[in-house]
Each structure stands twice: as structure tokens, then as C-alpha cells.
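Only one structure is covered here, and it is reproduced in the block below.
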Amino acid sequence: MKKNLKPALIRTGIRIPLILWTIAVLYPIIWMFIGSFKSNAEIYANPWGLPETLNIQNFVDAWSSYNIDSGVFNSVIVTVLGMFLTLVLALPTAYAIERIRFKGSGILFTIYISAMMIPMVLGWIPLFFLLMEFNLLDSLIGLSIVYAISQLPFSIFVLTSFMGTIPKELEESASIDGLSPYGILLRIITPLSTTAIITVSIMNAIHFWNEYFMALIFLQSRENYTLGLAIDFISSEAQYTNAWGTLFASLTIAIIPVIVLYAIFQKRIAKGMTEGAIKG
């Protein structure tokens with residue numbers, strides 16, 4: 001009896017903190033989602049209660065009156081372009097470091113890994129003046145380039161670890177058949193690294209979609225605002241107009257794509273992170 005009781009107590013001790021943490025994370029999200037369907041009167045009368053009717057006017061106001069539509073569009077642009085630029089830069093770099101052994105490749109990999117430990121905030125001021133010099137300040141393209149560069153160390157780390165698990169015999173056979181290093185990368189390595197590429201792309205997409213501070217610094221025109229800046233504008237307005245339902249609706253619009261994207265590719269992301277970790 002005592003032998004069976006001890007494992008049960010251990011499981012309970014582990015699960016209780018996890019349950020409490022889950023409640024702490026999910027409750028604000030559920031409260032925000034419920035509030036997005038409530039009128040301002042309902043929010044003030046009963047902030048914690050359910051809405052009497054599912055009012056979608058908050059979503060209409062957020063989309064049209066507060067220009068969330070342009071924020072979504074701008075966020076999609078910088079997210080997709082940033083993902084693409086990151087892969088274009090990270091894939092050949094990771095392949096060269098892992099497979100094409102050259103003088104200083106180990107030092108280069110160490111520099112990339114060390115860059116993951118450096119706070120990005122230290123580069124904001126130099127990047128501001130650099131973008132200004134190239135006329136890329138207040139530009140979605142300039143912000144996309146900054147996003148791509150900021151995620152290069154993480155992307156190279158994941159891709160390099162995953163490429164190390166691919167048998168070298170495949171590349172040797174392709175080389176004998178006359179493929180160049182770039183041909184091997186595009187036709188052999190890239191298709192076999194699909195899991196790692198999806199992992200990196202989804203993680204980067206979530207980071208770019210949610211990013212706020214760099215967009216705040218490098219974007220100045222309201223028409224270029226990403227979703228985070230547009231929601232911040234609504235939050236400032238809500239203090240004077242009491243448009244709390246509209247604010248909750250805009251937050252719901254921002255969070256749903258991230259939840260759906262992660263739910264769809266959850267297994268792929270976990271697989272990509274673990275397969276590279278067991279390199280040996």
C-alpha cells in the first residue's frame with residue numbers, strides 16, 4: 001500500500017503546480033475572449049460575467065474604425081518577409097558550418113551561438129542610425145531585415161544541429177553525380193531538413209508577429225504600424241473613449257493566428273527541436 005502511495009503523491013505534487021500554472025495562463029486569455037463579445041456597459045456592470053449576447057460589433061469597430069486591418073496586413077508582410085530572409089541567410093550558413101569544414105568554421109559557429117546570449121536591445125541605437133543611413137527607417141522592408149538578422153543565431157543553431165544528423169553518404173553520392181555544393185544544399189539537404197525548416201519558420205513567425213519594441217523604434221508612420229503598435233494605439237485610446245470591448249477584440253484578433261499556427265505544427269516543432277538535440 002505504501003509503495004503505491006508514494007508514486008501517487010509524487011505525481012500529485014508534480015501535477016498541482018502544472019494545473020495552477022495552466023489556470024494562471026489560460027484564465028486571462030479566456031477572460032479577454034469573453035470580454036471581446038461584451039458591450040462596454042456589460043464590462044463595467046459585470047467584468048467577470050458572460051455576455052448576454054454575442055456582440056461582434058467590437059470586432060467590426062476594431063477592424064474598421066481603429067485600422068486593425070492595416071496592422072494585420074503590415075504584420076503579415078514583415079512576418080512572411082522576415083521568415084523568408086532568415087531562411088535565405090541561415091540555410092547556406094548552417095550548411096557551410098556543418099558540412100564544409102573551412103578554417104575558422106568553429107569560431108564562426110561559436111560567434112553565432114554567443115550572439116544568442118547578447119540582448120538585442122544593445123543594438124537598437126546603432127541599427128536606428130544604420131537604417132536611417134540606408135533610407136530604411138520607417139519601412140516595413142527595413143524592419144523585416146532587422147527581424148531576420150535578429151533571429152539568425154537561433155535559426156543557424158537549430159539548422160546546424162539538424163543537418164548534423166543527415167548521413168554524409170547522401171552528399172557524397174550526389175557529389176559523384178556532379179552536383180555542386182549549392183545543388184546538394186537545394187536538392188538533398190533542404191528537402192531532408194523540412195522538419196527543422198518548419199520549426200525555425202514557425203518559431204520565427206510567432207516572434208515576428210508578437211514583436212513590439214523594435215517596431216516601436218523603427219516605425220514612425222501610423223500607416224506602417226504593425227499589429228502590436230495598432231493595439232497599443234487602441235489601448236491608449238481606450239483610456240479616454242472606454243473602448244475596452246474593442247481593445248479585447250483586437251487582442252483576440254492578434255492572438256488567434258498564433259494559437260492556431262502553433263496548434264497545427266506543434267508536433268513538427270517538438271520533433272524539430274528534439275531531433276537536432278540528439279545529434280551524436
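Keep in mind that the numbers below use all heavy atoms, side chains included, and drop hydrogens, waters and symmetry copies.
In terms of heavy-atom proximity, Thr194 sits nearest to Pro191 at OG1-O, 2.6 Å. Heavy-atom minimum distance, Gly49 versus Ile34: O-CG2, 3.8 Å. A pairwise comparison of heavy atoms in Trp244 and Asn40 identifies N-OD1, 3.5 Å as the closest pair. Scanning all heavy atoms of the two residues, the minimum distance from Gly123 to Pro126 falls at O-CD, 3.4 Å. Scanning both residues, Gly35 and Asn58, for their nearest heavy atoms gives O-ND2, 4.1 Å. Residue Met163 comes nearest to Leu185 through the heavy atom pair CE-CD1, 4.5 Å, listed as atom of the first residue, atom of the second, then distance.
Without hydrogens or angle criteria, Thr190 side chain to Arg187 main chain gives no donor-acceptor distance under 3.5 Å. Put simply, the side chain of Thr165 gets close to the backbone of Phe162: a donor and an acceptor are under 3.5 Å apart. In this structure, the side chain of Ser235 does not engage the main chain of Ile231 through any donor-acceptor pair within 3.5 Å. Between the side chain of Ser250 and the backbone N or O of Ala62, no donor-acceptor pair lies under 3.5 Å.
Among residues two or more places apart in sequence or in another chain, the salt bridge (charged side-chain N to carboxylate O under 4.0 Å, His left out) test is passed with Glu171 by Arg99. Legend: residues meeting side chain to side chain donor-acceptor pair (under 3.5 Å) with Glu211, ordered by chain and number and at least two apart, are Tyr147. Every residue was checked against the side chain to side chain donor-acceptor pair (under 3.5 Å) condition with Asn74, not counting sequence neighbours, and none meets it. By the ring-ring contact (aromatic ring centres under 6.0 Å, His included) test, Trp124 is found to be paired with no residue, residues two or more places apart in sequence or in another chain being considered. Residues passing the ring-ring contact (aromatic ring centres under 6.0 Å, His included) test with Trp21: none are found, sequence neighbours excluded.
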Yes or no on side-chain hydrogen bond (donor to acceptor under 3.5 Å, both in side chains) for Asp138 and Ser221, after CA distance, side-chain angles and deciding distance?
-> CA-CA 7 Å; Asp138 193 25; Ser221 304; 2.4 Å; yes
Verdict with reasoning, Leu91 to Ile189, per side chain to side chain contact (heavy atoms under 4.5 Å, CB included) | CA-CA 9 Å; Leu91 272 171; Ile189 300 298; 6.0 Å; no
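If you chain together hydrophobic residues whose side chains sit under 4.5 Å apart, Val158 and Ile149 never meet in one group. In terms of hydrophobic clustering, with Ile, Leu, Val, Met, Phe, Trp and Tyr side chains grouped at heavy-atom distances under 4.5 Å, Ile145 and Val121 are assigned to a common cluster. With hydrophobic clusters built from ILVMFWY side chains whose heavy atoms lie under 4.5 angstrom apart, Val72 shares a cluster with Ile256.
Applying the ring-ring contact (aromatic ring centres under 6.0 Å, His included) rule to pairs touching residues 209-233 yields nothing, sequence neighbours excluded.
When the shell of 6.0 Å around OH of Tyr27 is examined, it contains more than 12 heavy atoms from other residues, nucleotides or ligands. In the displayed structure, Leu122 atom CG is contacted under 6.0 Å by more than 12 heavy atoms of other residues, nucleotides or ligands. Counting heavy atoms of neighbouring residues, nucleotides and ligands inside a 6.0 Å radius, atom CD of Gln57 exceeds 12 of them. Within a 6.0 Å sphere centred on CG of Leu18, other residues, nucleotides and ligands contribute more than 12 heavy atoms. Within 6.0 Å of the CD atom in Glu133, the count of heavy atoms belonging to other residues, nucleotides or ligands does not exceed 12. In Leu170, the CG atom is crowded: over 12 heavy atoms of neighbouring residues, nucleotides or ligands sit closer than 6.0 Å.
Checked against a 6.0 Å centroid threshold, the rings of Phe248 and Phe37 do not count as neighbours.
Annotation: side chain of Met214 is in contact with side chain of Ser150 (closest heavy-atom distance under 4.5 Å). Between Ile253 and Trp63 there is a side-chain heavy-atom pair separated by less than 4.5 Å. Counting heavy atoms from C-beta on, the side chains of Ser161 and Phe157 come closer than 4.5 Å. At least one side-chain heavy atom of Ile234 sits under 4.5 Å from a side-chain heavy atom of Ile68. Side-chain contact between Ile113 and Pro153 is absent, with no heavy atoms from C-beta onward closer than 4.5 Å. A heavy-atom distance below 4.5 Å is found between the side chains of Thr86 and Phe208. Side-chain contact check for Ile198 versus Ser201: every heavy-atom pair is 4.5 Å or farther apart. Looking at Ile255 and Asn210, their side chains never come closer than 4.5 Å, going by heavy atoms from C-beta outward.
With no hydrogens or angles considered, no side-chain donor-acceptor pair links Ser139 and Asn224 at under 3.5 Å.
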